[in-house]
Structures are given as C-alpha cells and as structure tokens.
S.K.: 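Questions regarding the structure given below will be posed in turn.
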2 protein chains.
Amino acid sequence: MLDVRRLRLLAELAARGTLAEVAEALHQSPSSVSQQLGQLEREVGVPLLRKAGRRVQLTAAAEVLVEHTVEILARLEAAEAAVTALGDDTAGTVRVAVFQSVALAYMPQALADLTQRHPRLRVMLSQRAPEQALHDLALRELDLVVAEHYPDHGAPHFDGLDRQPLTTDRLRLAVPPRSSGEPWDSITSLADAGRVPWAMEPPGTASRHWIEEQCRRAGFEPEVRYETDDVEAHVALVETGNAVALLSDLMRVRHRTAVRLIELPGAPRRTVFTATRTAIADSPGILACRSALARVVPSDLELP
Amino acid sequence: MLDVRRLRLLAELAARGTLAEVAEALHQSPSSVSQQLGQLEREVGVPLLRKAGRRVQLTAAAEVLVEHTVEILARLEAAEAAVTALGDDTAGTVRVAVFQSVALAYMPQALADLTQRHPRLRVMLSQRAPEQALHDLALRELDLVVAEHYPDHGAPHFDGLDRQPLTTDRLRLAVPPRSSGEPWDSITSLADAGRVPWAMEPPGTASRHWIEEQCRRAGFEPEVRYETDDVEAHVALVETGNAVALLSDLMRVRHRTAVRLIELPGAPRRTVFTATRTAIADSPGILACRSALARVVPSDLELP
DNA sequence: GATTATTCGTAAGCAGACCTGAAGGTTCCA
DNA sequence: TGGAACCTTCAGGTCTGCTTACGAATAATC
C-alpha cells in the first residue's frame with residue numbers, strides 16, 4: 001500500500017516543477033521532500049526522478065503515478081467534504097479569490113450577506129488575477145474563485161474544475177469626458193484610438209490579450225503608456241485626460257464617473273464565472289458562497 | 001487532508017465487523033486501531049462509531065466515508081499495479097486461491113508453466129472454498145481466485161471484482177460401479193437416489209445448495225450421511241459402495257475411476273471462472289496467471 | 001444469577017519514522 | 001569565473017504511532 005502523503009509530494013512536484021517549491025508550498029524543508037520521494041522510489045522499485053540540470057524531471061512511471069494520485073486526492077477531498085457536510089451545516093473555512101473589480105464592487109455586500117446567514121462560516125478572501133486564481137485553485141490553495149472569460153479567448157482549462165456562470169458585463173472603450181480637448185474629443189470609435197495613449201493591464205492577462213487583439217482588428221497597434229493591474233488607476237487616468245482604457249460595467253458599478261463611453265464593434269460582453277474543484281463543489285460552504293454571490297450580483301449587468 | 005491509513009482502518013472495520021478482527025488482519029493491536037479511529041473521528045469532527053453492545057457500529061457519516069475510501073483504496077492499488085507493470089515485466093508475488101478439484105487437476109501443470117515462462121514471478125497458492133476465496137479476494141488478502149458457478153444459482157456479488165470464464169464442466173451423479181449389489185445397481189436416474197445415502201459438501205457451499213435443490217425437484221430430500229468438503233473423499237465413498245455423490249468432469253480428469261455415471265435432468269454444466277480485483281486486473285502477474293490457466297485448462301471439458 | 005470470556009477504551013512507555021539544519025556537489029546565469 | 005539556485009546526504013532532535021497493561025461494559029455460560 002503506497003503512502004498517499006508521499007504520492008502527494010510527487011503530484012505537487014509535477015504541478016509545481018521544482019522540489020523547492022513543493023517544500024515551500026507544504027511548509028517543509030526541501031531536504032524532507034527529497035527524502036520522502038526517495039523513499040517512495042524505493043517502495044515502488046522504479047526510478048521516478050531523473051536529474052535534469054539542477055532540477056529534477058519526472059520519469060514516465062512517475063507520470064503514471066501522478067495521474068492516479070490526482071484522482072486519489074480529488075476523491076479524498078470529496079470524502080472530507082461529504083462527511084463534514086453531514087456533520088455540521090455550513091461551517092468551516094472557505095478560501096475565496098476574486099479579481100479586482102468584483103472585489104471592490106460586490107464582495108463587501110456578499111460577505112455581509114454570508115456572515116449574517118452563516119455565522120459559523122469563515123471566509124478568507126484574497127484578490128488575485130483570474131489566471132493565477134484558477135491555477136491556485138487547481139493546486140488546492142483556494143476553494144472558490146471568481147474569474148472572467150473574454151469572448152473568443154481560449155480560457156485556460158484545468159482538470160477537475162467546476163465552473164458556473166455568474167453574470168456577463170458589457171465591455172466599452174472609456175475616453176476622457178467631453179471638452180477635454182484634442183485629441184480626446186474627436187474619438188468616436190475604437191479605430192480612432194490608435195493615435196492616443198492607452199492604459200492597460202500587464203502582459204499575460206486575458207484582458208490585455210483581448211483588447212490588443214481588438215485594436216489590431218481595428219487597424220492599429222495600441223501605444224501602451226500606462227501599465228498596471230489596478231483598474232482603479234485606469235479609470236483615474238481616463239478621467240484626468242491621460243489615456244483611454246477598456247472599461248467593463250463591473251467597474252462602473254462603483255464609479256459613476258464622468259468618462260465618456262464608446263461602444264466596441266459587436267457590443268462584446270465578458271463572462272464572469274465562479275469556479276471550484278469538482279470534489280468540493282457540493283460542500284455547504286461552497287454552495288453558500290455561490291448563492292450569496294448570485295444574490296448580490298445582478299444576473300445581467302446592463303447599465304444605461 | 002485525511003489520513004488514508006486511518007480511513008483504511010474504517011473501511012476494514014466496515015468489512016469485518018469488529019475492531020479486534022481488523023487489528024488481527026492488519027497485524028496490529030486492537031488498542032492501536034482504536035486510537036487511530038479516535039484520531040480520525042477527531043479530525044473529521046463528526047462521530048464515526050457508536051457503541052453497540054460490546055462492539056461498535058458505524059454511523060451514517062462513517063458509511064459515507066467508507067464508500068469513498070473503498071474507491072480510494074482501489075485506485076491506490078491500481079496505481080501501484082500500473083507503475084510496477086511499467087518497471088519490470090511480470091515479477092512480484094501473486095496470491096492465488098483455487099478450489100479443490102482445480103487444485104488437484106490442473107494447478108501443478110499451471111505452476112510449472114508459469115515458473116518456466118516467468119521465473120521471477122512468485123505464486124502463492126492456497127486451496128479455499130469459492131465463497132471464502134471471493135470474500136478474501138475482496139478484502140485484498142488474495143489476488144486471483146478460481147471459483148465455480150452453479151447454474152441458476154445466484155453468485156455472490158462483490159464490487160470491484162473482475163470475472164472471466166475459464167471453462168465449463170458437466171455435472172453428473174456418481175453411483176457405485178456395476179455389480180455392487182442393491183440398492184445401488186437399480187439406480188438409473190436422480191429420482192432413484194432418494195433411497196440411498198449421500199456424500200455431500202458441508203452446508204453453506206454452493207455445491208451443497210445446488211444438489212439439494214436438484215434432489216428436491218426430483219421429489220425427495222437427500223439423506224446426507226457423509227459430509228466433507230474433500231471431494232476426493234466423495235469419490236472414495238462412491239467407489240467403495242457407501243454413497244452416491246455429485247461428480248464434475250473436473251474431478252474425473254484425475255480419477256479415471258470405475259464409478260458409474262448417471263446424467264442429471266437437463267445435462268447441467270457448472271461454470272468455472274477466474275476472478276481478481278479490477279484494480280489489478282491488468283497487472284502482468286495477473287495476466288500471466290490467467291493465461292497460464294487458460295493454456296492448461298481445456299476451454300470445454302467434455303469427457304466421454 | 002454469578003462467573004467467565006470478549007470487546008472496546010485509556011494511560012504510559014518506547015521505538016521508529018519524519019523533519020530540520022548543515023554541508024557538499026552540480027548546474028545555470030551574470 | 002563567482003554567485004545563486006537546486007538537489008542530495010548525513011547527523012541529530014522531535015513527535016507520531018505502536019505495544020503492553022489495566023479497567024469498564026456486555027454477552028455467553030453454567
């Protein structure tokens with residue numbers, strides 16, 4: 001009977017790449033991880049790791065083992081969720097991550113709703129970019145994630161994740177308010193925004209990738225002068241007449257700002273969804289959080 | 001993350017009934033099992049055991065947990081089998097149990113075949129009644145079982161078991177040889193055997209159940225004077241003119257005896273099959289054993 | 001109905017597993 | 001070429017988990 005704790009180390013190694021990261025994630029010393037994996041290797045009698053530079057690489061046998069282990073860990077988590085669900089209703093801790101605009105617009109209300117309905121449920125909230133959040137969710141460092149999905153943009157797919165749509169929100173171009181002077185006042189469509197500076201999120205985010213794509217389709221390569229993942233800053237830069245930016249309705253829920261909005265071709269909408277691991281999707285904590293979000297967030301964000 | 005070793009104790013408890021038996025099976029002291037289960041209970045925060053007389057009973061929560069655990073253990077075993085299969089071909093140990101007539105008739109040849117083809121494969125052979133063997137197989141105390149299935153007899157069903165037919169053999173009534181005197185010489189059908197003593201296997205076996213059923217259908221309740229699970233003894237008792245008995249072709253492979261054979265109504269055949277756990281069904285050791293049996297045992301036992 | 005046998009639970013002691021920290025070797029990068 | 005990152009090995013300490021011993025409760029037996 002193989003030791004699941006050791007198997008887990010192997011699975012974490014497959015997911016994280018280096019032995020040191022595994023140790024860090026599990027709050028152990030790298031030495032310990034190395035010893036345990038060595039022990040596992042001795043038990044199965046087949047080499048699991050090969051040296052690859054200064055890192056280690058999984059052998060084919062190890063890959064097979066990891067495949068099974070992922071299933072086992074999911075099942076183990078499901079077992080734990082199922083049995084605690086039977087015991088006490090809606091208690092324990094749920095680790096939630098949301099992206100910035102949701103965090104600012106709706107989470108305070110959702111948290112208030114939750115603590116009122118389920119006083120014994122502890123929600124740990126962190127703000128995280130959707131890609132990072134989904135990754136951490138798969139690694140079991142989070143339990144529930146609110147993420148976004150841009151149209152025609154291949155969403156990263158993780159095995160064992162359960163996704164549910166939460167709402168959709170319109171994407172528009174935000175330009176400085178009327179009478180800001182040129183060149184702002186003459187912008188009437190996305191195609192006009194090739195001559196002005198942009199505020200965008202950093203490269204690697206879905207938002208950045210998507211809006212750049214839209215700009216290229218409109219016939220220009222955007223000049224990204226301000227780069228920050230703080231969308232509050234984007235709004236501020238637009239309001240003060242320094243840049244144009246992509247703006248979603250979710251932002252406008254908080255900022256009834258004076259920026260001027262310009263429709264994008266095709267009136268595109270972004271999908272906002274919640275994701276959790278399938279293994280714990282039916283646990284009371286997750287269900288409670290999801291329904292709290294559903295109550296607080298309008299199912300169709302259509303601002304005037 | 002629940003400890004799988006502790007979960008296993010719970011699963012074994014569900015399968016075996018008492019904590020002492022679990023301890024015995026796992027070569028531990030009952031005290032240790034009790035402590036570990038207590039720890040598990042503390043971890044999940046839900047009562048798992050309730051006192052039922054001097055034994056313990058599983059709560060609903062524990063049953064749920066066991067359900068998941070069985071899956072996890074199967075997967076764990078499959079993982080181990082898969083990875084050792086990748087490593088070395090057909091080595092290790094396979095624990096096989098067969099019932100008596102197969103043990104005597106074919107296993108010597110099968111073992112010779114196996115040791116020649118796979119010198120590094122170690123086969124541990126034990127003789128066991130089919131019902132007991134299948135039970136022990138499900139409990140992971142055996143890896144491969146050769147068992148029998150009587151027609152129209154509800155075979156005991158165990159989850160996670162993989163069954164493959166091996167052969168079938170004719171069932172006949174064996175009576176003492178001609179010129180043994182009365183009442184033997186006048187027996188020409190099963191219905192005539194109501195007046196003579198029988199040799200049968202002990203109650204609780206499928207064989208016993210089946211032949212008693214046949215007797216009742218033929219209109220009589222058999223007088224079981226000799227009761228033993230040693231079918232060799234059955235043959236001896238018939239040969240010496242002391243009883244009649246059920247005899248399968250599998251027995252006759254060894255004993256070209258002088259007993260007289262009488263067809264039973266409907267010329268019934270017994271099915272002989274191999275069984276293993278699904279989790280290890282694809283492991284090289286199991287495959288090797290099964291194909292050795294298939295080579296050695298004729299696919300259709302039809303003796304003149 | 002008293003006695004005996006089983007079974008589970010608790011306490012204390014001990015062995016072994018596991019983890020930490022230091023030291024060493026290799027690889028990668030500046 | 002020197003430093004940083006990474007993995008491994010070794011020695012040592014801590015802690016988990018096992019065993020033995022004992023007690024309580026229940027079932028079986030005479």
S.K.: Reading DNA chain D in the 5' to 3' direction, which nucleotide is the first one with an atom under 4.0 Å from a heavy atom of chain B, and which is the last?
M.R.: D:dG17 to D:dA27

S.K.: Applying side-chain contact (heavy atoms from CB on, under 4.5 Å) between A:C289 and each of A:T274, A:L114, A:V146, A:D143, report the one that passes.
M.R.: A:L114

S.K.: Judged by atom type as modelled, is there a donor-acceptor pair below 3.5 Å linking the side chain of A:E41 to the main-chain atoms of A:L48?
M.R.: yes

S.K.: If a protein heavy atom is under 4.0 Å from the base, mark B; if only from the sugar-phosphate, S; if neither, -; do that for nucleotides 8-15 of chain C going 5' to 3'.
M.R.: SSBB----

S.K.: Is the shortest side-chain N/O distance from A:Q28 to OP1 or OP2 of C:dC18 below 4.0 Å?
M.R.: no

S.K.: Using modelled atom types only, decide if a donor and an acceptor are shared between the side chain of B:Q100 and the backbone of B:V231 within a distance under 3.5 Å.
M.R.: yes

S.K.: Please round to 10 degrees the angle between the axis of the first five pairs and the axis of the last five pairs in the helix from C:dG1-D:dC30 to C:dA30-D:dT1.
M.R.: 30°

S.K.: Between A:R277 and A:A138, is there a donor-acceptor pair closer than 3.5 Å when you use the side chain of the first and the backbone of the second?
M.R.: no

S.K.: So does B:L2 get a backbone contact from the side chain of B:E43, meaning a donor-acceptor N/O pair under 3.5 Å?
M.R.: no

S.K.: What residue pairs, at least two apart or across chains, pass side-chain hydrogen bond (donor to acceptor under 3.5 Å, both in side chains) with a residue in residues 49-71 of chain B?
M.R.: A:R75-B:H68

S.K.: With respect to the phosphate group of C:dC19, does any side-chain polar atom (N or O) of A:R5 fall under 4.0 Å of OP1 or OP2?
M.R.: yes

S.K.: Determine the sole option in A:L142, A:L125, A:I286 for which the side-chain contact (heavy atoms from CB on, under 4.5 Å) test with A:V96 is passed.
M.R.: A:L125

S.K.: Who pairs with B:D3 by salt bridge (Lys or Arg N to Asp or Glu O under 4.0 Å), at least two apart in sequence or on another chain?
M.R.: B:R6

S.K.: Please list, one pair per line, the donor and acceptor atoms closer than 3.5 Å that link side chains of residues 20-29 of chain A to other protein atoms, with sequence neighbours excluded.
M.R.:
| residue | atom | partner | partner atom | Å |
| --- | --- | --- | --- | --- |
| A:Q28 | NE2 | A:S32 | OG | 3.4 |
| A:S29 | OG | A:S32 | N | 3.3 |

